[in-house]
Number of protein chains: 2
Amino acid sequence: MSTHKPEPNKPFHHGDLRHALIEATAELIERDGPASVSLREAARIAGVSHNAPYRHFPTREALLAAVAAHGFRQLRLAFEASAVTPENRMLALGQEYVRFALAHPGLFRLMFGSGLDRQSHPDLEQAAQDAFRVLQHATLDRGSPSPRDAALGAWALVHGLSHLIVDNQLNQDLQEDAASGRLLERIAAIYGLSTPREAGSVP
Amino acid sequence: MSTHKPEPNKPFHHGDLRHALIEATAELIERDGPASVSLREAARIAGVSHNAPYRHFPTREALLAAVAAHGFRQLRLAFEASAVTPENRMLALGQEYVRFALAHPGLFRLMFGSGLDRQSHPDLEQAAQDAFRVLQHATLDRGSPSPRDAALGAWALVHGLSHLIVDNQLNQDLQEDAASGRLLERIAAIYGLSTPREAGSVP
DNA sequence: CTTGTGTGTTGACAATGTCAACATCTCCTC
DNA sequence: GAGGAGATGTTGACATTGTCAACACACAAG
């Protein structure tokens with residue numbers, strides 16, 4: 001079913017090829033990993049010629065950047081939908097982070113991991129910063145003596161856990177605990193992520 | 001300068017092509033990132049024909065896996081060279097982790113990040129497990145009530161911080177603090193990584 | 001010296017990213 | 001409406017890449 005169908009009733013213009021390409025690419029990313037994504041196959045899936053994508057993206061990297069940006073927008077929405085009760089906002093956001101990585105491992109690896117140059121893709125940069133701003137807002141206003149470092153530490157922990165999960169570095173039962181959210185709960189309990197009022201005893 | 005030089009005094013056999021290829025690949029990885037590494041360019045650098053690598057590695061992925069395995073062995077050596085005084089062993093290992101990521105960002109991304117299939121590269125799997133075993137040994141024997149989760153949390157934090165650094169997700173001054181090791185010190189102080197005796201107040 | 005096995009080379013093929021030239025559609029202006 | 005202009009899609013071409021097959025050279029064992 002990957003052969004080219006003429007489809008005579010299809011108009012010359014695709015309608016929203018840009019969107020279709022992003023969707024096709026996202027699909028390919030989850031199937032084969034970000035590295036194996038090919039412009040031409042995305043075009044095939046979208047039902048256009050191998051060069052049509054160049055009318056919407058100047059380069060392969062630009063297409064990947066667009067997909068990554070879309071991912072960051074999704075992540076931000078997830079953050080905003082979460083973060084309800086102020087007391088365990090931090091934990092909730094962490095759960096959302098891990099849940100996102102588990103649900104879209106390929107996308108997660110594209111967004112981080114694969115060395116996309118943010119400088120040359122302002123849209124991506126913007127989307128990423130928007131997502132992280134939500135995170136920062138929710139984590140900064142705690143009573144910690146050095147809130148910046150505390151927030152960064154929490155971010156690093158959750159970020160690292162997500163990476164470990166995505167890269168299959170955890171054994172089976174840990175993986176399941178991570179998926180259910182229990183693992184992060186336990187870790188948060190140990191290191192005072194959910195109850196950081198006790199944690200500020202610093203030299 | 002990419003044309004083939006006859007180089008009459010060079011013998012037919014390279015001597016240790018396998019090693020030379022790994023070295024050339026490591027160089028390319030740091031220069032262009034793991035995704036852009038090409039078998040043929042590695043061969044060019046090593047001064048052999050484009051197909052010579054296939055006598056030592058069945059596939060491109062196998063070469064990358066060999067480089068990654070070498071990276072894990074380096075990391076393990078760094079771990080073992082560190083981890084001196086038992087009290088702040090955990091912090092020292094974390095510093096080593098971050099230092100490694102900073103020193104070889106491309107290699108770090110190859111070892112994690114780029115979805116190398118460990119199942120099909122037993123050498124890589126072995127090297128990775130060996131490195132992590134050192135980490136586990138040093139972090140497990142603490143007085144925490146759930147040492148497994150505590151160790152995992154610490155690992156996740158350091159791993160995440162390394163990723164954030166490698167992916168340039170931190171601004172300039174934070175990056176510098178991370179490079180000097182101060183950042184991790186501060187975070188460890190906040191979350192009780194270096195003094196975990198107080199942190200075990202868990203249901 | 002012969003011979004065989006490991007190591008390197010040459011040649012070929014399909015797939016890919018990208019450029020250039022051409023075709024067709026859509027819409028704005030008269 | 002007519003017509004041209006700019007946007008969108010297509011065809012063709014090229015260099016590069018991973019990989020396979022066939023061949024060539026080297027060195028050690030007999």
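All values below come from the heavy atoms of this structure, side chains included, with hydrogens, waters and symmetry mates left out. Here is the naming used below: chain letters follow the sequence lines, and residue numbers restart at 1 for every chain. From a predicted model like this one, the values you see are computed outputs, not experimental measurements.
Per the geometry, CG belonging to L21(B) stands 13 Å off P belonging to dT7(C), to the nearest Å. Note: CD1 (I45(B)) to P (dT17(D)) measures 11 Å, nearest angstrom. Between the CD atom of E61(B) and the P atom of dT17(D) there is a distance of 19 Å, given to the nearest Å. The CG-P distance, from L39(A) to dT10(D), rounds to 14 Å in whole Å. Following rounding to the nearest Å, L28(B) (CG) and dT17(D) (P) show an atom-to-atom distance of 10 Å. Rounded to whole Å, atom P of dA21(C) lies 17 Å from atom OH of Y54(A). In this entry the distance linking CZ of F57(B) with P of dT19(D) reads 13 Å, nearest Å. Taking atom CZ of R40(A) as the reference point, atom C1' of dG12(D) lies 11 Å away to the nearest angstrom.
Among all heavy-atom pairs drawn from E30(B) and L107(B), the shortest one is OE2-N, 2.9 Å.
Checking S38(A) against G15(B), the closest nucleotide of DNA chain C that is more toward the 5' end is the one next to G15(B). Of the two residues near DNA chain C, D16(B) and H50(B), the one whose nearest nucleotide lies more 5' is D16(B).
In terms of phosphate contacts, T59(A) brings a side-chain nitrogen or oxygen within less than 4.0 Å of OP1 or OP2 of dT18(C). In this model, the phosphate group of dG9(D) is approached by a side-chain N or O of H56(A) to a distance below 4.0 Å at OP1 or OP2. Of the side-chain N and O atoms in R55(A), none sit less than 4.0 angstrom from OP1 or OP2 of dG9(D).
Separation of the F79(B) and F72(B) ring centroids does not fall under the 6.0 Å cut-off.
Using a 4.0 Å heavy-atom distance criterion, R60(A) is classed as a sugar-phosphate-only contact.
Side-chain atoms of A52(A) lie closest to dT10(D) of the nucleotides dT9(C), dT10(D), dT17(D).
Checking side-chain atoms of D149(B) against main-chain N and O of I187(A) turns up no donor-acceptor pair under 3.5 Å.
A salt bridge between E23(A) and R18(A) is absent, with no side-chain N of the basic residue lying under 4.0 Å from a carboxylate O of the acidic one.
H163(A) places none of its side-chain heavy atoms less than 4.5 Å from the side chain of F112(B).
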